[in-house]
Amino acid sequence: MANQNITRQAFPENFKWGVATSSFQIEGAHDADGKGPSIWDRFCEGQGHIADGSNGHVACEHYLRWQDDVALIDSLGVNAYRFSVSWPRVQPHGEGAWNEAGFAFYERLIDALKARGIEVHLTLNHWDLPQALQDKGGWAEREVCEHFTRYALEVARRFGSRVDSICTHNEPWVVAILGYEQGIFAPGIRSRAQAMAAVHHLLLSHGMALKAMREAGVTAPMGIVLNLSPIYPASDDPKDLAKAKLDDGLILRHYMDALFFGVYPEDVIAHLGADAPPVQAGDMASIAQKIDFIGVNYYTRNFSSSGNPWDVASTGNQVTDMGWEVYPQGLTELLCRMHADYPLPLVMITENGAAFKDEVVDGVVNDTQRRDYIHNHIAATWDAMDKGVPVGGYFAWSLMDNFEWASGYAKRFGLVHVDFASQQRTLKNSALWYQQFLSEK
Ligand code: IFM
């Protein structure tokens, strides 16, 4: 059971405490100042793709309101902010000309964060691939790796000496599997072979970009962010046990084994058969570049069943508005397992949070469930550190309510409430709690 009396003082002095966002989810300004369309701009146009029929055209208007938002971040008392660069904002076609107005936006943002003493943790790909590259096959085509490497180098050339970390990709599993196999995220493709090619090219481009940035003298810590969960069999039935092992392979080992050992797991490759990734000589060594940190996005645990789908209600635990079980000890278990199985560098909890149905009543959002969620996951993080896992930071997802992908604006993950009609920001009680937690000396 997690330490319920956890305080900031239990953590090292230099621990990063942050909030996280991503470009497409908050920026809006979808075609301002020369920005090109991304795959999410295009995907939102499709009938039935987004639950509320919305898009990212306006989102949180962060592109216009960034100064107020930096002040908001600062007001929370965090020492770090994680955001992503929109590739089509700085390179509208994903190759060729750079868009100076786009770079100027991030330049101003970084300046403002630094001026307030807030660390800058920059992600290069949080899903908004330029549509022009999707027109050539996107992550399923090997050519994208060269384009991504050039983009990474350019961002690093401009910002690499000023940011506190660079993450190549956010959640490659989600990009590839939800986007290319299940078709429920952009670009909306349903092909396992394309999905596995996309996984491979995401990992390969990660390694290529890291190598190129290091060779160019970029000194910022570099890594990648994975969405990870512990996976349990739904029962002791050998079929469920086998399914859980395979699912763990598809979701965790496929990425971790490639990144840390330069191999894909044999059982996963055998299972994929003809859909196995198109690996060329030297690829796996490129993928397994030394990383300075691994980012973990943790929200819930998963159960694998060979029969009927697992019913989350059977756990008896609280479930969020996404239908995800609240299970903080899963974070401790996950981190300890990773520590046991892999030679981990610094681990950052790069996302953790929960969607609940929030309402502003007399200027107050009494989101007790989210406050407890964040508190208990911070405690679970501490438990893992107590067991020797080298965790260096915790970023709450998310700074503010935003565009939650295929769920549109209906699912609210923010510590700060956003009224999307007026763009009014209101600190929820969870934000006030985080502020208080961080201010305790
Ligand atoms: O909103 C997303 C984020 O973009 C990536 N990780 C999960 C979050 C909640 O679904």
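When a ligand or atom number is given, it counts from 1 through the structure's own listing order.
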### Task
Tell me which protein heavy atom sits closest to atom 7 (C) of ligand 1, plus the residue, atom name and distance to 0.1 Å.
Glu351 OE1, 3.2 Å
### Query
Which of the numbered atoms in ligand 1 are below 4.0 angstrom from a heavy atom of Glu404?
1 (O), 2 (C), 9 (C), 10 (O)
### Task
Name the closest protein heavy atom to atom 8 (C) of ligand 1, giving the residue it belongs to and the distance to 0.1 Å.
Tyr299 OH, 3.4 Å
### Task
Determine whether the side chains of Asn297 and Asn170 contain a donor N or O and an acceptor N or O closer than 3.5 Å.
yes
### Task
Report the part of Trp324 in contact with ligand 1, treating N, CA, C, O as backbone and CB onward as side chain, heavy atoms under 4.0 Å; options are side chain, backbone, both, neither.
side chain
### Query
Phe356 ring centre to Arg370 NZ or CZ under 6.0 Å, with the angle to the axis within 45°?
no
### Task
Heavy-atom contacts with Glu171 under 4.0 Å: which atoms of ligand 1 show up? List them by number with element.
5 (C), 6 (N), 7 (C)
#### Entry: Partner of Asn429 by side-chain hydrogen bond (donor to acceptor under 3.5 Å, both in side chains), out of Asp367, Thr368, Asn366, Asp358
Asn366
### Message
Between His206 and Thr168, do the side chains contain a donor N or O and an acceptor N or O under 3.5 Å apart?
### Response
yes
### Query
What are the atoms of ligand 1, with element, lying closer than 4.0 Å to any heavy atom of His126?
3 (C), 4 (O), 5 (C)
### Task
Can you label the angle between the Trp127 ring and the Phe185 ring as parallel, tilted or perpendicular, going by 30° and 60°?
tilted
### Message
Would Trp405 count as being in polar contact with ligand 1, using the rule that some N or O on each side must be under 3.5 angstrom apart?
### Response
yes
### Query
Taking the six-membered ring of Phe24, is NZ or CZ of Arg89 closer than 6.0 Å to its centre and within 45° of its axis?
no
### Message
Let me confirm one number: the CG-CZ distance from Leu399 to Phe83, rounded to the nearest 0.5 Å.
### Response
12.5 Å
### Query
N/O to N/O below 3.5 Å, does that happen between Asn297 and ligand 1?
no
### Message
Trp127 versus ligand 1: do any nitrogen or oxygen atoms come within less than 3.5 Å of each other?
### Response
no
